[in-house]
Amino acid sequence: MSVPEKPSLDGLEQKWGPQWEADRTYAFDRTKTRGEIFAIDTPPPTVSGSLHMGSVFGYAQTDTIARQRRMLGLELFYPMGWDDNGLATERRVQNYFGVRCDPSLPVDPDFAPPEKPGDREIPIARQSFVDLCEQLVVEDEKKFEELWRMLGLSVDWSMTYTTIGERSRRASQRAFLRMLARGEAYSSEAPTLWDVDDRTAVAQAELEDREMAAAYHALTFHGVDGGGDVLIETTRPELLPACVALVAHPDDERYRARFDETVRTPLFGVPVPILAHPLADPEKGSGIAMICTFGDTTDVVWWRELRLPLRNVMGRDGRLVAEPPDWGEEVGKDAVAQYAELAGKTAKQAQKRIVELLAESGELVGDPKPIQHPVKFYERGSRPLEIVSSRQWYFRNGGREADLRATFLARGEELHWHPAHMRQRYDSWVEGLNTDWLVSRQRFFGVPIPVWYPIDDGGEPVWDAPMLPTEAVLPIDPASDAPDGYTPDQRGVPGGFVGDPDVMDTWATSSLTPQIVTGWGDDDDLFTRTFPMDLRPQGPEIIRTWLFDTIVRAHFEHDSLPWRDTAINGWVLDPDRKKMSKSKGNVVTPMPLLEKHGSDAIRYWAASGRPGTDTAVDEGQMKVGRRLAIKLLNVSKFVLGVMGEGPAGPIVDPIDRSMLTSLAVTVEECTAAFERYDYARALERAERFFWGFCDDYVELVKHRAYGDAAGSEDDGAASARGALSAALSVLQRLFAPFLVYVTEEVWSWWQEGSIHREGWPTVAELAPDGAPLVFAVAAEVLGTVRKAKSDAKVSMRAEVDRIVVTDTEMRLAALRLAIDDVRRAGVSASVATELGVALAVTTTLVEPGS
RNA sequence: GGGCGGUUAGCUCAGUUGGUUAGAGCGCUUGCUCGACACGCAAGAGGUCGGAGGUUCGAGUCCUCUACCGCCCACCA
């Protein structure tokens, strides 16, 4: 046994981190079988610069559960990954180096990124861009691992994966091919939500609404064959050249007589029909809307259901296309001339110009009326999404099939949610799905879609006849590999082939993390030992993406859930309880806080946040955690100190057994709480007992434990030492999942091996038959004596002549069993008891000088 | 428009199936250097548990209505 003279928290991270690594304390033993393993599908954090407090919060909570399960004797399968593929990384590379990917450029072998990003982004070849992405993520991932190690996450770092890594690409492409073979993946030319800055399609799951200022513009459509003018209101007058119809509600009396009539658009004079559709809202604007291809998703529904023609004007760069759409033969040159005023302009510029033109022609009625309305954005985007028609790959997810939606709702019910109410978010998301999952992205740093297309004799790709690789050759890159039966020089020539230019969305790969980490398809032995996994911990904001998508993939591939339980952590708020966001500049970075308060203190803060409950970054709470850790150092030093005074045990004294019984109750509560994934309650229970143990029990028995009682040694002293050491062992282990460094330190003072590989405390190892009242009453009496001394403003060491305790017979009987400990803890000459109805204590202090 | 969560001491939060004078930490006040602990210890002040009604012997805890805050979802011309 070796206890430092002056215990300290400083340097514990640097001392134990390398030790755990050297001892392989958290290494996974793959000889264990499925029932002996607890498998956690750890979220791979997005690699985009730095981790934030929200990640620290969630991962620290998960780690407490991992550690408690490990102490229960389960073998932890707990790998960490980095989600480095995708647009987040591309964005970061663009900003970090000041470059932009232009896939039309050839590779410049001498290319080197600028020292500092310039004012204008430098266009570079695809491969050069991908190289920079790979270079930067390696840097970032090093920093991420450093932080996680400092935080004390008990992952097996030898199993780390990345979503751009070879294993992930192989799994992702294999799953894609299998879904294609089963008809769960398909490609289709269709209207698609499009980000004009990133120049890629985006999925429903990546949308967010933002309140934007706009204005209703009232426009006159002209009746033909004697029909009167029709007034419509629109927020997007610039899409007038894309107008294909007007639409009103079938029951709307104002327009009922005019359905199927033709009117002509203002400025362009294009004939369009007036149609009826129940989605038209009589309350909105003038009750009749213009349908354009496409202003919003409602236009898409109308266009599809009313079988309208396509008149696209919006280009993929967010500017109106050069040529006007096909308006039919009877529309004259004037219309083409009017359109030339708009061609090449952004939506905003075009709107300004067309409003001027409409005002001049007198077809704009009154002034535009400003409104605020929600507009769809890509969640990372800065300009509103447009809708363009394009060929894309989709995975079926129930967006177009009610049966499949019902299947996924049932999967949601099958999953155990912690807290349970988080399932509501899943349900409302699945119920609200309206398209299949769009997985292709017109981007560069991602898993390529493993498909080629033949090129016909006319030089056009045959999109409907994709050529596929065999699973054995995966992963492939269709941009550099050639399909079977072709040679590389046939790329891009008639009769040759072309690779699919797109990559998969990052979620199309990260939705396979359970398959990737468990070795699906690569390591069948590991797979059967670990899949389906036990727990998916994650944040609430990615239920609709990561959690749902992962369920979709496992359902199709394995006809099962990917995991049994999910624990959804809360959101982290800034110290003023505002949502943290980079744009607000209130993001708190973790490393300075870890260095200031210590890892255990940060973990304590995180574990104090209830499951699923939003929690503010609170340095006060971190200080409390630090204080707890210090207390654990000191009380451990005390207990181990008195153990050096003489033999420990057997535990025969009633108050010793009473304390241990009370601790046994705490152990039960902590164990039950952890079973429900409620680490916060477990911490709170352990902590509550611990402070009572330090403040009351230790004070009550310390004199006896020192062996001062009847000279040298007696049974009482041995009993106290036995109880103190039994309690210390249990308490150190109860705190081990939370305060990982300090518990390892104090454990090392008197035990062999890591505390993190010790058994979780059990009721059986404590005295389950003590009378809880003995310790409780003794502590209460001691408290009143302390109050008397405090009121008298004297030291707690001040001598007392006489303590008289009045209470009920039952409580007095309990007290008598500990009366000598109470007398000495109170520094009193005597303790007398008197029968009464409730606790009352008179404390007679020895007069100073008497 | 639909749904979920929250509203308890100045602040941040506990309060498990309804049960004696509602808890903790921080902050505040007053003391205390005693053989674990001044990165400490002890004691104290401070709340009619958002509002209204109801069930019950008894409600912070259950029911109804309501206000406010946060979030999720929604076809948003």
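Chain letters run A, B, ... following the sequence lines, proteins first, then strands; residues in each count from 1. No experiment lies behind these values; they were computed from the predicted model shown.
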ask   = So what's B:rG35 paired with, Watson-Crick or G-U wobble, going by both distances under 3.5 Å?
value = none
Heavy atoms under 4.0 Å, any strand shown: does [X] hit a base, just sugar-phosphate, or nothing?
| X | answer |
| --- | --- |
| A:Lys793 | sugar-phosphate |
| A:Lys631 | base |
| A:Cys694 | base |
| A:Gly432 | sugar-phosphate |
| A:Ser428 | sugar-phosphate |
| A:Asp299 | nothing |
| A:Arg688 | nothing |
| A:Val635 | base |
| A:Lys702 | base |
| A:Asp695 | sugar-phosphate |
| A:Val698 | base |
| A:Glu699 | base |
| A:Ala798 | nothing |
| A:Trp302 | base |

Over-ring placement of A:Arg210 relative to A:Phe377, 6.0 Å and 45° cut-offs = yes
Distance in angstrom units between [X] [atom1] and [N] [atom2], rounded:
| X | N | atom1 | atom2 | answer |
| --- | --- | --- | --- | --- |
| A:Leu279 | B:rC75 | CG | C1' | 5 Å |
| A:Asp696 | B:rC41 | CG | C1' | 12 Å |
| A:Glu305 | B:rA77 | CD | P | 18 Å |
| A:Arg627 | B:rG25 | CZ | C1' | 8 Å |
| A:Arg544 | B:rC73 | CZ | C1' | 9 Å |
| A:Asp209 | B:rC71 | CG | P | 14 Å |

inquiry  = Angle between ring planes, A:Phe408 versus A:Phe548, binned at 30° and 60°: parallel, tilted or perpendicular?
reply    = perpendicular
inquiry  = Closest approach to the side chain of A:Thr613, judged atom by atom: which nucleotide of B:rA74, B:rC41, B:rA14 is it?
reply    = B:rA14
note = Closest to the side chain of A:Trp691, out of B:rC72, B:rA77, B:rC41, is B:rC41
message = Looking at A:Asp600 and A:Val742, would you say the former's side chain and the latter's main chain have a donor-acceptor pair under 3.5 Å?
response =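 Yes, because the side chain of A:Asp600 sits within donor-acceptor range (under 3.5 Å) of the backbone of A:Val742.
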query = Below 3.5 Å, does any donor atom in the side chain of A:Arg685 face an acceptor in the base of B:rU16, or the other way round?
reply = yes
key: 5' precedence on RNA chain B between A:Gln621 and A:Arg797 (nearest-nucleotide basis)   =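 Looking at the nearest nucleotide for each, A:Gln621 comes out on the 5' side.
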ask   = On RNA chain B, nearest-nucleotide positions of A:Leu9 versus A:Glu283: which is more 5'?
value =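 Counting from the 5' end, the first nearest nucleotide belongs to A:Leu9.
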Short side-chain donor-acceptor distance under 3.5 Å, A:Ser599 and A:Glu13 =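 On atom types as modelled, these side chains qualify, holding a pair under 3.5 Å.
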query = Among side-chain atoms of A:Gln621 and A:Ser608, is any donor-acceptor pair under 3.5 angstrom?
reply =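 Yes, A:Ser608 and A:Gln621 have a side-chain donor paired with an acceptor closer than 3.5 Å.
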message = If I pick the C1' atom on B:rU21 and the same atom on B:rG58, what distance separates them, to the nearest angstrom?
response =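 It comes out at 15 Å once rounded to the nearest Å.
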